[in-house]
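Throughout, a chain's letter reflects where its sequence line sits, starting with A, and its residues are numbered from 1.
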Protein chains: 2
Amino acid sequence: MGKDKKLNAEQKIIEAAADIFETKGFEGARMQQIADKAGINKALLHYYFRSKDLLFEKVFLKLAGKIFLKFIETFNIEGSIFDKIEMFLQIHQDLLYKNRKFPIFFFNEITRNPDLMRKLMLNLEISKKFQEITKQFDQEKKDGIIRQDVEVSHLIVNIISLSVFPYIGSPAIKEIMKEFDLNYEQFLDERRTMIAQFVINSIKV
Amino acid sequence: MGKDKKLNAEQKIIEAAADIFETKGFEGARMQQIADKAGINKALLHYYFRSKDLLFEKVFLKLAGKIFLKFIETFNIEGSIFDKIEMFLQIHQDLLYKNRKFPIFFFNEITRNPDLMRKLMLNLEISKKFQEITKQFDQEKKDGIIRQDVEVSHLIVNIISLSVFPYIGSPAIKEIMKEFDLNYEQFLDERRTMIAQFVINSIKV
DNA sequence: GTCTATATTGGGATAGAC
DNA sequence: GTCTATCCCAATATAGAC
């Protein structure tokens, strides 16, 4: 029986809060519900985190930080640009698949409060990572491996758009697919290989 | 001086509510703020719409209906599949450009309450429209104009992903671009032609 | 550190005059 | 149909015992 046999209150709160906030959003979440889920009293939330705002910020930065860390790790993949894109998409898709509720939550919260994005970037040095990958891709372009009219910033946004949007738009896609007896889970699965193919076709010379 | 010299209260409320809901979301919006913006009293909101829920549903379906109507109109464009994609993207981009706050609002609200999507579809017969365009694209595939491995449902989702995501993710993209002194507005503008090129490169034989 | 009880404010909703 | 005044519950936050 290690120290995690019984998590301390602070840790239990953070886990419960992450779950409630991710599902309901900051505005929709209730402190009572978080306390219930953590199995502790509501007053304890304020004892540890002072206010809903502060609890949210801590939880948001921790959760988003964890996910973005895994996300930017993939920038270090070695190999040709095509290998990089395929590997990047594989890992990225896995990450999304395991954190389906995260994208809409994340983008909604940073829309409500863009300062959260700024704070997240300071924590993770995201800009630096983007600069690195941009430089790598630009080199591949100079070497004539990909089309000369491919603009790297757009390529990156395109890759992310193609993999993230199906999760953000899932209630809409699901509802439309239901009409035609199509399976959303299968649809997501097909995209795992399809997206890489789609991107590579569009950039190769 | 026509009848719109002074809008009636109901109309003023709907316009004010659309604006507040779109910016703050259902959970974040306040009835008081809507009343203030409409220039009327809070009690009048309840007189006309009974509750916040009912006001929201009416406003959401009206706003989303208006935008989706313009969106699905583009399905009727005539010409080759490449013309269709280019025209569709042009109109779609204009629509998004004029309704920047709509995408994240829309997807957040249907995530909170998927039934809204179902109601919207019933109002607009969206499924039927999707079926029509799917059939058109499938024909182009049979005719050998586009790659045989292009799956039509994915192609449609890809096109929408590429144009909608930059708006959903705007606070993130803006923040990252700021670090490199890049201009988000210019970025959006570049995408107008880039996306069509990207898509067409990826599907042409 | 954790609880119960309570304060306080915010916000949706209603009563009733005009 | 529009207003002022008010109700009432929900939700954040605090006080204080243990």
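Distance CD1 (I34(A)) to C1' (dA10(D)): 15 Å, rounded to an integer number of Å. The CG atom of N41(A) sits 17 Å away from the P atom of dG16(D) (whole-angstrom rounding). Look at CD on Q33(B): it is 10 Å from P on dG11(C), rounded to the nearest Å. F26(B) has its CZ atom 13 Å from the P atom of dG11(C), to the nearest Å. When rounded to the nearest whole Å, the span between NZ of K52(B) and P of dA13(C) equals 8 Å. Rounded to a whole Å, the CD1 atom of I13(A) is 13 Å from the C1' atom of dC3(C). Between L45(A) atom CG and dA15(D) atom P the separation is 17 Å, expressed in whole Å. Between the P atom of dA13(C) and the CD atom of Q32(B) lies a distance of 13 Å, rounded to the nearest Å.
A donor N or O paired with an acceptor N or O is found under 3.5 Å between the base of dG12(C) and the side-chain atoms of K42(B).
Of the candidate nucleotides dT4(D), dT12(D), dT2(C), dT2(C) has the atom nearest to the side chain of A9(A). The side chain of Y48(A) lies closest to dT2(C) when the candidates are dT2(C), dA15(D), dT2(D). Closest to the side chain of L44(B), out of dG12(C), dT2(D), dC3(C), is dT2(D). Of the listed nucleotides (dG12(C), dC3(D), dC3(C)), dC3(C) has the atom at the smallest distance from the side chain of A43(A). Comparing atom distances between the Y47(B) side chain and each of dT14(D), dA13(C), dT2(D) picks out dT2(D) as nearest.
One finds no salt bridge joining D138(B) and K135(B) here, because no Lys/Arg side-chain nitrogen approaches an Asp/Glu carboxylate oxygen to under 4.0 Å. Salt-bridge annotation for K70(A) and E73(A): absent, with no side-chain N of the basic residue lying under 4.0 Å from a carboxylate O of the acidic one. The residues R100(B) and E185(B) are annotated as salt-bridged, a charged nitrogen and a carboxylate oxygen being separated by less than 4.0 angstrom.
Each of E10(A) and R50(B) was assigned the nucleotide of DNA chain C with the nearest heavy atom; the assignment lying further toward the 5' end belongs to E10(A).
Note on H46(B): a side-chain N or O is less than 4.0 Å away from OP1 or OP2 of dA13(C).
Across all strands, A29(A) comes closer than 4.0 Å only to sugar-phosphate atoms, never to a base (heavy-atom distances).
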Give me, pair by pair, the N or O atoms of the protein and of nucleotides 8-10 of chain C that are less than 3.5 Å apart, along with how far apart they are.
none

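Separating the OG atom in S202(A) from the CE atom in M194(B) is a distance of 9.5 Å, to the nearest 0.5 Å.
If you run side-chain hydrogen bond (donor to acceptor under 3.5 Å, both in side chains) between Q136(B) and each of Q131(B), K141(B), K84(B), only K84(B) comes through. The side-chain hydrogen bond (donor to acceptor under 3.5 Å, both in side chains) with D19(B) is formed by just one residue from the set K24(B), Q33(B), K37(B); it is K37(B).
Cation-pi geometry between R112(A) and F56(A) is met: under 6.0 angstrom from the ring centre, within 45 degrees of the axis.
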